[in-house]
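Below: the structure, in structure tokens.
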Amino acid sequence: MQSRRKLRFRLVVSFALFGFGLSALFAFAALNIRTRVEDQLVNASLLDDAKWANQQAREHPGAPSGSRLLTGTVLSDRTLYKAPLTWQNLANGVHDIYEPGPDGERHHYKLAVYREGGIISFLRYDVSREELGKQQLLFSVIGAVFLFGLLSLAIGLWLSRKVLKPVSQLAQRLREFRKAGKAEPLAAHFADDEVGELAQALDDYAARLTSMVERDREFNSDVSHELRTPLAVIASTTELLQGSPDLTPKLAERLKRIERASRQATELIEALLLLSRAERRGPTRGETTDVAKVAADVIESQRPQIRDKPVAVHLDEREPVSVNAPASVLAVALTNLIGNAIKYTLDGEVRVEVGANGIEVIDTGPGIKPEDAERLFQRGVRGEGAGGSGAGLGLAIVRRLCELYGWQVSMRPRTDTNGAVASIAFS
């Protein structure tokens, strides 16, 4: 798993590494050039002095041997034996040799050799005394590299604050808009640069989003109004028909089913409208609802689903529980949970238990897989097994309603037998 790093941290580290690397590269190049140039200059000077000493020995025989810069040795072919053996077979030019010095320590020398006219001139230069200067220069360069590295780090910190300040201000304004509940234009507060371009893009996105939300709000309002009218007509007509003196028992049962379906549709519309408004303004409270009473009404409305299946539905109120929410919200949530339990159970029972500040719906259906328990609350996911149908929106709506009022809804497989347990914890 890759670690997450803030943009400011990445910017500071990148700038510091760039400054450190650039100064180190410059220092390496400077040391390398200095070494090469110094070596070439020393070799050229030594060879010139060796030539000059050779020339002086040929023009002024018997004169003291020496050079313009350094003391050397000039020998003829007959006196070559006086030179060290390691020198005698060296060709013309400058050679690197390592020999003990006057202090007994091993020294690094440059030896210039020049033969001409039977005269051989040797000119030796102690390079070891320059090594100390090179070391001091190396230490100075290393110190300068670290100094420039720290300077790059400081500049990176300063630049990161300066460069990212508009981004932080943009994020702060967005947080303030979320607290205020409304969006205001952002681009007017920023310069005409990349951050200003981002602010303008956010303004355009907010405008499109606001327009879409307004259209959705108007659509919900219009649909609710248009649906409530026919549902009210259905409910009133059903009530009138139920009062007819020549109503047969079979027809009366069908009218009750129509009445229950009309009431469920009305509750669903109210819950969805409440959800749409509450997600913008917060949940509506103040109405106290008896959980067991709503559960009993839902069970009765769902009994027609049983048909001829050998399924028994029981309500067990272990202790009274009330919630501070509209009855329509709780009815929609329980209708989905209890309706699914009855739909998926082919044989056995569905038990609704109220108590311990919550409610559980326990069935003996095919059950669910533990890994699918959370996935079933996602939009568009349908359950598998007997009677599986629908668009997969019911449990997603239940989750949204429960989150709105701070309830915890969950599903899990039964451990004692086949089946599933759906539960809502109200606190």
Do Ser45 side-chain atoms and Val42 backbone N/O form a donor-acceptor pair below 3.5 Å?
no
Before accepting this row, confirm whether a basic side-chain N of the pair Lys250/Glu253 lies closer than 4.0 Å to the acidic partner's carboxylate O.
no
Using the test salt bridge (Lys or Arg N to Asp or Glu O under 4.0 Å), find all partners of Glu99 that sit at least two apart in sequence or belong to another chain.
Arg124
Applying side chain to side chain donor-acceptor pair (under 3.5 Å), can you list everything that pairs with Asp246, at least two apart in sequence or on another chain?
none
When the ring planes of Trp87 and Phe122 are compared, do they come out parallel, tilted or perpendicular, using 30° and 60° as the limits?
tilted
Sorted by chain and residue number, the side chain to side chain donor-acceptor pair (under 3.5 Å) partners of Arg257 (sequence neighbours excluded) come out as none
Nearest 0.5 Å please: distance from the SG atom of Cys402 over to the CZ atom of Phe377.
8.0 Å
So which atom in Gly339 and which in Gln302 form the shortest heavy-atom distance, rounded to 0.1 Å?
CA-OE1, 3.5 Å
Roughly how far apart are Leu330 CG and Leu401 CG, rounded to 0.5 Å?
10.0 Å
Kindly determine whether Leu111 and Leu123 satisfy side-chain contact (heavy atoms from CB on, under 4.5 Å), including the steps that lead there.
CA-CA 6 Å; Leu111 179 66; Leu123 195 61; 5.9 Å; no
For Ala341, does its backbone N or O pair with a side-chain atom of Thr345 as donor and acceptor, under 3.5 Å?
yes
Rounded to the nearest 0.5 Å, how far apart are CD1 of Ile299 and CD1 of Ile306?
9.5 Å
What do the steps show when you test Val323 against Trp407 for side-chain contact (heavy atoms from CB on, under 4.5 Å), and what is the final call?
CA-CA 10 Å; Val323 293; Trp407 305 339; 4.1 Å; yes
Does this structure show an ion pair linking Arg375 with Glu371, if we count only N-O contacts that are shorter than 4.0 Å?
no
Applying salt bridge (Lys or Arg N to Asp or Glu O under 4.0 Å) to Arg161 and not counting sequence neighbours gives none
Spatial distance of atom CD (Glu353) from atom NE2 (His314) [nearest 0.5 Å]:
11.5 Å
CG on Leu337 to CG on Leu395, rounded to 0.5 Å:
6.5 Å
Side chain to side chain donor-acceptor pair (under 3.5 Å) involving Glu239 - partner list, sequence neighbours excluded
none
State, to 0.1 Å, how close Leu90 and Val113 come at their nearest heavy-atom pair, and which atoms those are.
O-CG1, 3.8 Å
Between the main-chain N or O of Val298 and the side-chain N or O of Ser301, is there a donor-acceptor pair closer than 3.5 Å?
yes
Glu38 side, atom CD; Arg36 side, atom CZ - distance, nearest 0.5 Å:
13.5 Å
May I ask you to check if Arg106 and Tyr98 form a cation-pi contact, with NZ or CZ under 6.0 angstrom from the six-membered ring centre and within 45° of the axis?
no
Assess the residue pair Glu197 and Gln200 against the criterion (side-chain hydrogen bond (donor to acceptor under 3.5 Å, both in side chains)); give the C-alpha distance rounded to whole Å, side-chain angles, the decisive distance to 0.1 Å, and a yes or no.
CA-CA 5 Å; Glu197 185 178 354; Gln200 184 62 52; over 6 Å; no
Please enumerate all residues that pass salt bridge (Lys or Arg N to Asp or Glu O under 4.0 Å) together with Arg254, with sequence neighbours excluded.
none
Could you pull out all residues at least two apart from Phe139 that satisfy ring pair (Phe, Tyr, Trp, His ring centres under 6.0 Å)?
none
Going by side chain to side chain donor-acceptor pair (under 3.5 Å), name the residues that satisfy it together with Asp316, two or more places apart in sequence or in a different chain.
Arg318
Looking at Ser121 and Ala50, would you say the former's side chain and the latter's main chain have a donor-acceptor pair under 3.5 Å?
yes
Residues passing the salt bridge (Lys or Arg N to Asp or Glu O under 4.0 Å) test with Lys110, sequence neighbours excluded, are Asp39, Asp96
Check: Leu247 main-chain N/O paired with Ser244 side-chain donor or acceptor under 3.5 Å
no
For Leu315 and Ala292 the tightest heavy-atom approach is CD2-O, 3.8 Å
Nearest heavy-atom contact between Thr289 and Ala327 is OG1-N, 3.3 Å
Is there a donor-acceptor pair under 3.5 Å between the side chain of Thr237 and the backbone N or O of Ile234?
no
Applying salt bridge (Lys or Arg N to Asp or Glu O under 4.0 Å) as the test, list every pair that has at least one member in residues 200-209; sequence neighbours left out.
none
Would you give me the side-chain donor-acceptor pairs under 3.5 Å for residues 141-155, sequence neighbours excluded?
{"from": "Ser152", "atom 1": "OG", "to": "Phe148", "atom 2": "O", "distance (Å)": "2.8"}

Under the side-chain contact (heavy atoms from CB on, under 4.5 Å) criterion, do Phe426 and Gln408 qualify, and how do the steps go?
CA-CA 7 Å; Phe426 298 115; Gln408 299 294 325; over 6 Å; no
Under 3.5 Å, side-chain donor or acceptor atoms of residues 360-368 against the rest of the protein: list the pairs with distances, not counting sequence neighbours.
{"from": "Glu360", "atom 1": "OE2", "to": "Arg412", "atom 2": "NH2", "distance (Å)": "3.4"}
{"from": "Asp363", "atom 1": "OD1", "to": "Gly365", "atom 2": "N", "distance (Å)": "3.0"}
{"from": "Asp363", "atom 1": "OD1", "to": "Ala420", "atom 2": "N", "distance (Å)": "3.0"}
{"from": "Thr364", "atom 1": "OG1", "to": "Asp347", "atom 2": "O", "distance (Å)": "2.9"}
{"from": "Thr364", "atom 1": "OG1", "to": "Glu349", "atom 2": "N", "distance (Å)": "3.1"}
{"from": "Thr364", "atom 1": "OG1", "to": "Glu349", "atom 2": "O", "distance (Å)": "3.4"}

